[in-house]
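In what follows, a structure is listed as structure tokens, so that the remarks can point back to it.
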Amino acid sequence: MIFPFTRVKTSSSKTRICDTKLSSGRCLNITNISLRNDWSFECLAQARITNIVEKISFRIDVVEKMAPWVLSSSTVSLEGTEIRAKAPYPFFIACYVEGRPKPKITWLKDGENIDQIIENNDEVSLSDDNQILAFNATKKYEGKYECNVENRVGNIQPFANVIIEDEASGLSDTNLVITIVSLTIIVIISFSFVIILVIRNKKNIRNDIIQLELFFFRKGNVGKLNKECTIEEQAELLPYDNAFEVERENITLGKQLGSGAFGRVLLAQVKGLNGKESPTRVAVKMCKFGHDKAHLRALTMELKIMIHLGKHLNIVNLLGAHTSNIDKGELWILVEYCKYGNLLKFIQRAKAQFINQINPVTSEIDVGRISPFPNDPLSPTSLGCSIEYERTLNSNHDSHLDLHPGGSIEMGQSMGKHPSTTSNTRITTD
Ligand SMILES: Nc1ncnc2c1ncn2[C@@H]1O[C@H](COP(=O)(O)OP(=O)(O)OP(=O)(O)O)[C@@H](O)[C@H]1O
């Protein structure tokens with residue numbers, strides 16, 4: 001307390017002069033001290049010249065001395081801990097301790113003072129309070145690290161065994177990545193497998209349905225036919241007759257003859273039809289491109305009705321069918337080819353040459369008649385047409401007429417004579 005040229009006063013008589021060369025002072029020597037808090041002291045100093053008094057107050061807490069102990073936040077312990085560090089990442093060893101008075105900490109590695117390692121080494125550093133030893137992990141720093149802690153009361157040596165994981169262990173990271181990637185791939189494959197199974201299952205169900213439809217197409221369900229309804233209304237219940245099946249390779253498609261509401265008709269040559277060696281000219285009826293199920297269903301019904309009707313002189317007969325690809329929407333109906341095409345159009349074109357050979361009075365047929373009956377309301381004159389009887393007979397001598405329920409009529413080659421028709425002419429419906 002310490003002002004030059006100053007007289008120092010204390011209120012205690014247990015002081016002694018402790019001047020130095022540059023200061024005057026008094027020291028208070030306290031012995032047999034006991035535990036106590038808040039022990040207040042004042043030190044007064046008076047300048048010799050000015051007599052000004054300066055006062056300094058201070059407080060002392062007397063606490064119990066304690067041997068050092070390790071705090072739980074430390075990474076060392078009295079029993080020893082194990083620290084695993086991965087090269088080349090940083091790691092640290094912490095020796096947090098307490099004690100009264102404050103303990104001094106020194107470090108040993110494998111029994112040797114750490115100072116030799118720290119000296120000129122950037123990879124290792126010690127904190128100012130000596131509590132934290134920090135490293136850049138390399139294999140050479142593996143070993144036992146002791147933290148020697150001591151104060152007046154006692155000393156302890158908590159320690160840690162440091163294991164630096166080498167490159168092989170580092171590889172375990174790579175292995176881990178490989179494992180994760182493999183697992184991910186396995187999961188993706190399994191997931192895809194499940195999706196494929198689901199799709200396949202759905203496909204199978206769809207196939208089952210198609211198979212059922214095919215079965216139904218081939219076998220029909222005759223037992224369910226209702227006599228009260230027309231055959232047209234329940235044509236689906238009729239069976240398919242496999243005797244009509246014609247292989248695809250036996251059919252050579254030609255030009256398009258025409259098209260209807262949902263179908264189109266192509267000229268074709270068919271080998272081996274009705275056991276014939278030479279190809280037969282047929283008309284092939286099929287669905288249009290981009291058709292839907294309803295169109296196919298209608299064509300199927302047409303086929304079944306034709307099979308059900310059987311052959312007849314006055315209709316355009318069914319010659320065969322190609323149904324093996326019906327599950328893919330392909331159904332071909334092979335019918336007799338009518339070389340004059342649509343009957344309605346033909347009649348309209350040829351109405352001037354029409355000769356009615358049915359006597360309007362007796363209703364008798366006169367096949368030899370080449371001029372109209374007198375007063376015949378169906379004569380071309382009555383219909384207001386010019387008549388060219390000779391030309392008519394010559395041009396239509398081997399034609400036949402075909403009449404569809406929907407109104408379309410085809411005209412083509414004759415299959416033979418029929419008593420109820422004019423010489424080589426027949427009118428049919430299907
Ligand atoms: N057997 C055949 N011989 C020659 N041409 C034909 C034959 N059948 C059909 N055609 C031609 O193809 C066209 C279409 O025939 P299709 O039977 O598909 O139609 P439609 O019966 O007139 O109509 P829808 O399909 O609506 O009943 C006919 O108008 C005709 O020109």
Side-chain angles (χ1 to χ4, degrees), residues 217 230-236 238 240 244-246 250-271 273-274 276 278-323 325-326 329-351 395-416 418 421 424-430:
F217 164 74
T230 64
I231 205 70
E232 207 178 318
E233 286 167 337
Q234 41 192 345
E236 271 177 308
L238 296 170
Y240 172 67
F244 282 97
E245 191 64 24
V246 177
N250 291 335
I251 306 169
T252 310
L253 293 176
K255 64 168 186 181
Q256 180 161 319
L257 296 170
S259 62
F262 48 80
R264 61 196 187 109
V265 180
L266 266 64
L267 181 65
Q269 300 285 348
V270 181
K271 277 193 287 180
L273 208 58
N274 296 328
K276 273 201 289 178
S278 56
T280 311
R281 217 154 46 147
V282 302
V284 179
K285 194 162 183 174
M286 59 181 72
C287 286
K288 283 179 178 169
F289 294 115
H291 66 274
D292 61 24
K293 258 195 151 184
H295 294 162
L296 185 67
R297 192 167 158 257
L299 203 62
T300 306
M301 283 164 63
E302 194 170 332
L303 171 64
K304 287 192 166 185
I305 290 173
M306 287 172 111
I307 292 172
H308 178 73
L309 286 178
K311 285 207 185 315
H312 193 278
L313 191 66
N314 291 346
I315 61 175
V316 177
N317 284 292
L318 176 71
L319 298 177
H322 172 63
T323 67
N325 284 332
I326 195 169
E330 190 180 276
L331 171 64
W332 294 357
I333 300 177
L334 280 48
V335 293
E336 290 170 322
Y337 169 63
C338 309
K339 68 176 178 184
Y340 292 112
N342 189 298
L343 173 61
L344 180 63
K345 286 179 191 158
F346 180 84
I347 291 173
Q348 283 167 347
R349 269 200 317 270
K351 62 184 177 189
S395 63
N396 292 334
H397 68 277
D398 70 345
S399 65
H400 82 252
L401 307 175
D402 171 63
L403 189 68
H404 286 272
S408 86
I409 305 161
E410 278 90 42
M411 185 156 190
Q413 290 167 311
S414 170
M415 287 179 66
H418 189 276
T421 60
N424 282 327
T425 306
R426 58 194 170 98
I427 298 174
T428 62
T429 63
D430 59 20

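Every number for a ligand or one of its atoms is a count from 1 in the order of the listing.
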Per-atom contacts, ligand 1 versus [X] - under 4.0 Å to a heavy atom:
X: Ser259; result: 13 (C), 14 (C)
X: Ala283; result: 1 (N), 2 (C), 3 (N)
X: Gly260; result: 14 (C), 18 (O), 19 (O), 23 (O), 25 (O)

So for ligand 1, is Tyr337 a polar contact partner (N or O within less than 3.5 Å, distance only)?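 For ligand 1, there is no N or O atom that lies under 3.5 Å from one belonging to Tyr337.
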Checking the side chain of Asn274 only, and the main-chain atoms of Lys276 only, is there a donor and an acceptor separated by less than 3.5 Å?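 Such a contact is absent between Asn274 side chain and Lys276 backbone.
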Keeping the roles fixed (side chain from Lys311, backbone from Leu318), state whether a donor-acceptor pair exists under 3.5 Å.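 Yes; judged by distance alone, with no hydrogens or angles, the pair exists.
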What orientation do Tyr240 and Phe217 show, parallel under 30°, tilted 30 to 60°, or perpendicular over 60°?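 Aromatic pair Tyr240/Phe217 classed parallel.
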Taking side-chain contact (heavy atoms from CB on, under 4.5 Å) as the criterion, tell me which of Val284, Leu267, Leu266 meets it with Gln256.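 The single option meeting the side-chain contact (heavy atoms from CB on, under 4.5 Å) with Gln256 is Leu266.
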Quick test of your reading of the structure: of Val335, Leu257, Val282, Val265, whose heavy atom lies closest to atom 31 (O) of ligand 1?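 Answer by nearest heavy atom: Leu257.
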Within 6.0 Å of CZ in Arg264, more than 12 heavy atoms from elsewhere: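 It does: Arg264 CZ has more than 12 such atoms within range.
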Once you restrict to heavy atoms under 4.0 Å, what part of Arg264 touches ligand 1? Side chain, backbone, both or neither.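 Looking at Arg264 and ligand 1, no heavy atom falls under 4.0 Å.
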